[in-house]
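Only one structure is covered here, and it is reproduced in the block below.
In this chain, residues are counted from 1 in sequence order.
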Amino acid sequence: TATPSQHYDFAGWDDNGDGRVDSEQASRNITVDKTYNIKAIFTPKKYKITVKVNNSSYGSALVQQGGKSGNSITVEYGTNVDLIASAKNYTYRFKNWNDTDTQTKRSVSVTGNATYTANFERNTCTVTFKNGGNTISTQQVIIGSSISGSNKTTGSKMPTTPTSSG
């Protein structure tokens with residue numbers, strides 16, 4: 001009787017030592033009337049790895065292994081696959097994967113079906129207002145948005161209009 005370990009399937013019995021499956025029955029009876037060299041053949045289970053994005057307007061993601069790539073691929077247990085996240089352009093940035101990893105390209109070992117989500121967000125920059133050498137205000141501003149008035153995402157506002165006597 002052949003009993004596969006976790007993450008493996010029983011493929012069959014090789015009765016001749018040539019690597020080919022001669023019988024697919026996991027349990028069988030054999031009359032011992034000569035010398036046999038019987039080998040159980042086990043194969044790794046295959047698992048589906050899928051990548052998604054939190055906002056496709058901000059960026060894209062793919063899973064890649066060897067010559068295979070896409071939003072979803074099926075590979076054998078124990079295989080390493082690359083997860084790759086790419087921001088659409090400079091106005092967006094990759095924040096992290098749903099498991100908090102922050103690498104835009106990372107390798108993971110396949111141990112079961114899995115889905116990874118690439119999280120993107122709008123990119124920000126720092127705007128510093130100065131009067132001569134004195135800093136009046138420093139604000140975080142979303143790239144591509146206006147700093148006049150209120151910036152709804154970061155809560156930043158323009159500093160009060162400076163006045164000068166005389």
With rounding to the nearest 0.5 Å, note down the distance linking [atom1] in [X] to [atom2] in [Y].
| X | Y | atom1 | atom2 | value |
| --- | --- | --- | --- | --- |
| Lys88 | Asn123 | NZ | CG | 14.5 Å |
| Glu121 | Tyr58 | CD | OH | 9.0 Å |
| Asn119 | Asn98 | CG | CG | 7.0 Å |
| Thr50 | Leu83 | OG1 | CG | 10.5 Å |
| Ile84 | Ser107 | CD1 | OG | 10.0 Å |
| Thr138 | Lys130 | OG1 | NZ | 8.0 Å |

**Asked** When clusters are formed from ILVMFWY side-chain contacts under 4.5 Å, directly or step by step, what else is grouped with Tyr90?
**Response**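 Members besides Tyr90, by chain and number: Ile143.
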**Request:** With sequence neighbours excluded, give me every side chain to side chain donor-acceptor pair (under 3.5 Å) pair touching residues 9-18.
**Result:**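 Applying side chain to side chain donor-acceptor pair (under 3.5 Å) to every pair that reaches into residues 9-18, excluding sequence neighbours, yields Asp15-Arg28, Asn16-Asp22, Asp18-Arg20.
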Heavy-atom pair of closest approach, residues [X] and [Y]:
| X | Y | result |
| --- | --- | --- |
| Gln65 | Asn80 | CG-O, 3.3 Å |
| Lys45 | Tyr8 | CE-O, 3.6 Å |
| Ala118 | Phe94 | CB-CE1, 3.9 Å |
| Val21 | Gly12 | CG1-CA, 3.8 Å |
| Thr102 | Asn96 | CG2-CB, 4.1 Å |
| Lys105 | Asp82 | CE-OD2, 3.7 Å |

Should [X] and [Y] be regarded as members of a common hydrophobic cluster, given that ILVMFWY residues are connected when their side-chain heavy atoms come within less than 4.5 Å of each other, either directly or indirectly?
| X | Y | answer |
| --- | --- | --- |
| Val75 | Val51 | yes |
| Val108 | Tyr47 | yes |
| Val63 | Tyr77 | yes |
| Phe10 | Ile41 | no |

**Asked** If you count the non-hydrogen atoms of other residues, nucleotides and ligands that lie under 6.0 Å from CD in Glu76, is the total more than 12?
**Response**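 Correct, the count exceeds 12.
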**Asp33 atom CG, over 12 foreign heavy atoms within 6.0 Å** =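 Counting neighbours around CG of Asp33, more than 12 heavy atoms of other residues, nucleotides or ligands fall under 6.0 Å, so yes.
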**Message:** Parallel, tilted or perpendicular, judged at 30° and 60°: which one describes the rings of Tyr116 and Trp97?
**Reply:**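 Because their plane-to-plane angle is over 60°, the rings of Tyr116 and Trp97 count as perpendicular.
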**Message:** Any side-chain to backbone donor/acceptor pair from Lys68 onto Thr74? Under 3.5 Å, distance only.
**Reply:**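 Looks like yes, one N/O pair under 3.5 Å.
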**Message:** Show, in sequence, the C-alpha distance, side-chain angles and deciding distance for Val53 and Phe120, and conclude whether the side-chain contact (heavy atoms from CB on, under 4.5 Å) test is met.
**Reply:** CA-CA 8 Å; Val53 294; Phe120 294 92; 3.7 Å; yes
**Item:** Any side-chain donor near an acceptor of the partner, Thr126 and Gln140, under 3.5 Å
**Value:**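 Yes - a donor-acceptor pair under 3.5 Å links their side chains.
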